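What you see is a predicted model, and the numbers here were worked out from it, not measured in a lab.
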Amino acid sequence: HFYVVWRQATGNQISFANSTDDGDSFHAAVNLAGGTSTAVDPQIAASNSRAYVVWHEDTSILFKNSTSSGNFDFTAETLGTADAASAGASLPQIAVSGSNVYSVWETSNDVYFTNSTNDGDSFHTAVNLSNSGTAEIPQVTASGDNVYVIWHDTSASGKIYFRASTNKGDNFGPVTSLSTTASVGKPQVIASENSVYTIWEDSSTGSNGDIFFNSSVNNGLTFCNANNLSNDVGVSAIPQLAVSGTDLYASWRFDTTSVATSEVYFKSGLVTTECVQFDLPQYRLSETATITVLAPSLNGVINTKAVNV
């Protein structure tokens with residue numbers, strides 16, 4: 001099954017379409033939103049042949065889940081209140097792990113979270129995870145019973161903050177700062193089993209932006225030292241992170257300071273039980289490079305391989 005969701009500007013629609021033949025063809029698109037209020041920022045997740053969609057409509061964060069055949073036979077559920085969609089985005093996000101569904105969004109410069117343990121048929125009351133009045137750009141990911149939330153703080157501290165739950169979002173641990181200085185943003189977070197990986201923009205090393213990475217192998221209880229992946233004189237921004245099995249991938253946009261062009265840079269590493277350290281400069285996707293992953297506690301090289309993409 002393949003699912004896609006997007007905002008249709010005409011008619012205030014949140015459109016959904018699905019394919020049951022690996023994307024070779026799609027069923028006719030359907031509108032999930034009410035159509036009478038401003039609807040923006042749709043996000044989608046899938047699990048067990050079902051689709052889960054969240055979006056911002058008027059002053060509410062709305063949710064719908066599908067049947068295994070891709071039909072949305074249920075009325076949209078309100079997960080929580082939000083700032084007016086016509087005035088600004090609350091950027092709702094969604095993650096699914098088994099029958100557990102999680103959503104986060106921004107309201108009045110705080111990060112709100114809600115969870116469901118029955119495939120999204122009902123949700124718990126939304127809770128404020130940031131309680132700062134200066135939070136933005138929340139992201140959520142899940143693996144098993146573990147759920148992780150990350151966001152950017154817009155106060156003078158300007159840090160990246162993180163919270164973790166190991167019981168399906170029923171309770172969260174304390175707020176953890178992943179960055180040490182201000183001028184950061186665009187956080188991303190992914191998880192695999194008991195490990196969690198984070199990436200964000202950071203200009204703490206100078207006037208230009210760099211891409212920083214950090215990881216935890218104990219459900220976010222402790223983190224390794226933040227690692228500068230780009231470390232370049234240009235401007236690195238909009239990082240993305242992915243994990244597949246024992247392979248970890250990072251990419252970002254790079255703008256040179258001397259030429260008005262943008263390029264995409266990439267790094268890869270191996271997932272281990274130790275802290276992941278990328279020890280070589282980034283490279284363009286047209287190049288070949290040797291990637292080495294170190295285990296700091298072992299003070300040695302685990303794996304070195306040539307990568308050609």
Check: In terms of ring plane angle, is the pair Phe113 and Tyr102 parallel, tilted or perpendicular, where the classes change at 30° and 60°?
Finding: parallel
Next item on the list: Spell out, yes or no, whether Leu129 and Tyr112 are grouped together once hydrophobic residues are joined by side-chain heavy atoms under 4.5 Å, including indirect joins.
Entry: no
Item checked: Distance-only polar pair, side chains of Trp105 and Thr107, donor-acceptor under 3.5 Å -> yes
Notebook entry, point to check: Do we see a donor-acceptor contact under 3.5 Å between the side chains of Asn194 and Asn218?
Noted result: no
Checklist line | Any side-chain heavy-atom pair of Val104 and Pro92 under 4.5 Å | finding: no
Item checked: Exam field: side chain Asn109 to backbone Glu106, donor-acceptor pair closer than 3.5 Å -> no
Item checked: Arg7/Asp41 salt bridge by N-O under 4.0 Å criterion -> no
Item checked: Lys168 backbone acceptor or donor facing Asn115 side chain under 3.5 Å -> yes
Next item on the list: Give the ring-plane orientation class for Phe16 versus Phe72, where under 30° counts as parallel, over 60° as perpendicular and anything between as tilted.
Entry: perpendicular
Next item on the list: Would you indicate whether the side-chain heavy atoms of Phe213 and Asn228 approach each other to under 4.5 Å?
Entry: no
Next item on the list: Look only at the side chain of Arg163 and the backbone of Val149, and say whether a donor-acceptor pair between them is shorter than 3.5 Å.
Entry: no
Notebook entry, point to check: So, Ser90 side chain and Ala82 main chain: donor-acceptor pair closer than 3.5 Å or not?
Noted result: no
Note to self: Do Gln139 and Ile137 have side chains that approach each other closer than 4.5 Å (heavy atoms only, starting at C-beta)?
What the structure shows: yes
Check: Is any side-chain heavy atom of Thr20 closer than 4.5 Å to a side-chain heavy atom of Phe2?
Finding: no
Next item on the list: Take the angle between the ring planes of Phe63 and Phe123 and call it parallel below 30°, perpendicular above 60°, tilted in between.
Entry: perpendicular
Note to self: Other residues, nucleotides and ligands only: do more than 12 of their heavy atoms fall within 6.0 Å of NZ on Lys64?
What the structure shows: yes
Check: Between atom CD1 of Ile61 and atom CD of Glu77, what is the distance when rounded to the nearest 0.5 Å?
Finding: 13.0 Å
Notebook entry, point to check: Does a side-chain heavy-atom distance below 4.5 Å link Asn65 with Phe74?
Noted result: yes
Check: Does a donor on one side chain sit under 3.5 Å from an acceptor on the other, for Asp210 and Ser236?
Finding: no
Next item on the list: Look only at the side chain of Lys267 and the backbone of Tyr249, and say whether a donor-acceptor pair between them is shorter than 3.5 Å.
Entry: no
Check: If you measure from NE2 on His27 to CG on Asn18, what distance do you get to the nearest 0.5 Å?
Finding: 4.5 Å
Next item on the list: Please examine the side chains of Ile199 and Ile211, heavy atoms only from C-beta on, and report whether any two atoms are closer than 4.5 Å.
Entry: yes
Check: Do the side chains of Val4 and Leu32 join up, straight or via other hydrophobic residues, at under 4.5 Å, putting them in one cluster?
Finding: no
Check: What is the distance from atom CG of Asn48 to atom NE2 of His1, rounded to the nearest 0.5 Å?
Finding: 10.5 Å
Notebook entry, point to check: Does the side chain of Glu201 come within less than 4.5 Å of Pro239's, by heavy atoms?
Noted result: yes
Item checked: Check: Asp153/Thr134 side-chain N/O donor and acceptor closer than 3.5 Å -> yes
Note to self: With a 3.5 Å distance limit and no angle check, can you tell me whether His56 reaches the backbone of Asp83 through a side-chain donor-acceptor pair?
What the structure shows: yes
Note to self: Nearest 0.5 angstrom please: Phe162 CZ to Trp200 CH2, how far?
What the structure shows: 11.0 Å
Note to self: Hydrophobic clusters here meaning ILVMFWY residues chained together by side-chain heavy-atom distances under 4.5 Å, can you tell me if Val30 and Leu62 are in one?
What the structure shows: yes
Checklist line | Asn214 side chain to Tyr197 side chain, donor-acceptor N/O pair below 3.5 angstrom | finding: no
Next item on the list: Apply the test side chain to side chain contact (heavy atoms under 4.5 Å, CB included) to residues Ser47 and Tyr52: give CA-CA distance (whole Å), side-chain angles for both, the deciding distance (0.1 Å), then the verdict.
Entry: CA-CA 8 Å; Ser47 179; Tyr52 308 84; 4.1 Å; yes
Check: With a 3.5 Å cut-off and no angle check, do the side chains of Asp110 and Ser130 form a donor-acceptor pair?
Finding: yes
Next item on the list: Would you check if there is a donor-acceptor pair between the side chains of Asn71 and Ser69 at a distance under 3.5 Å?
Entry: yes
Check: Could you give the distance from OG1 (Thr198) to OH (Tyr148), rounded to the nearest 0.5 Å?
Finding: 12.0 Å
Next item on the list: Please answer: with hydrophobic residues joined when any side-chain heavy atoms are less than 4.5 Å apart, are Val101 and Val127 in the same cluster?
Entry: no
Check: In terms of hydrophobic clustering (I, L, V, M, F, W, Y; side-chain heavy atoms under 4.5 Å; direct or indirect links), are Leu178 and Phe212 co-clustered?
Finding: yes
Item checked: Backbone of Asp255 reached by a side-chain donor or acceptor of Ser262 within 3.5 Å -> no
Notebook entry, point to check: Would you say the side-chain atoms of Ser177 pair up with the backbone N or O of Ser179, donor to acceptor, closer than 3.5 Å?
Noted result: yes
Next item on the list: Would you check if the side chain of Asn31 reaches a backbone N or O of Ala33 as a donor-acceptor pair within less than 3.5 Å?
Entry: yes
Check: Counting only heavy atoms not in Asp21, do more than 12 sit closer than 6.0 Å to its CG atom?
Finding: yes
Note to self: Check this for me: Asp24, atom CG, are more than 12 non-hydrogen atoms of other residues, nucleotides or ligands nearer than 6.0 Å?
What the structure shows: yes
Notebook entry, point to check: Do Ser60 and Thr81 come close enough that some side-chain heavy atom pair is under 4.5 Å?
Noted result: no
Item checked: Short side-chain to backbone donor-acceptor contact, Ser97 and Gly144, under 3.5 Å -> yes
Check: If you round to the nearest 0.5 Å, how far is CG of Asn231 from CG of Leu229?
Finding: 9.5 Å
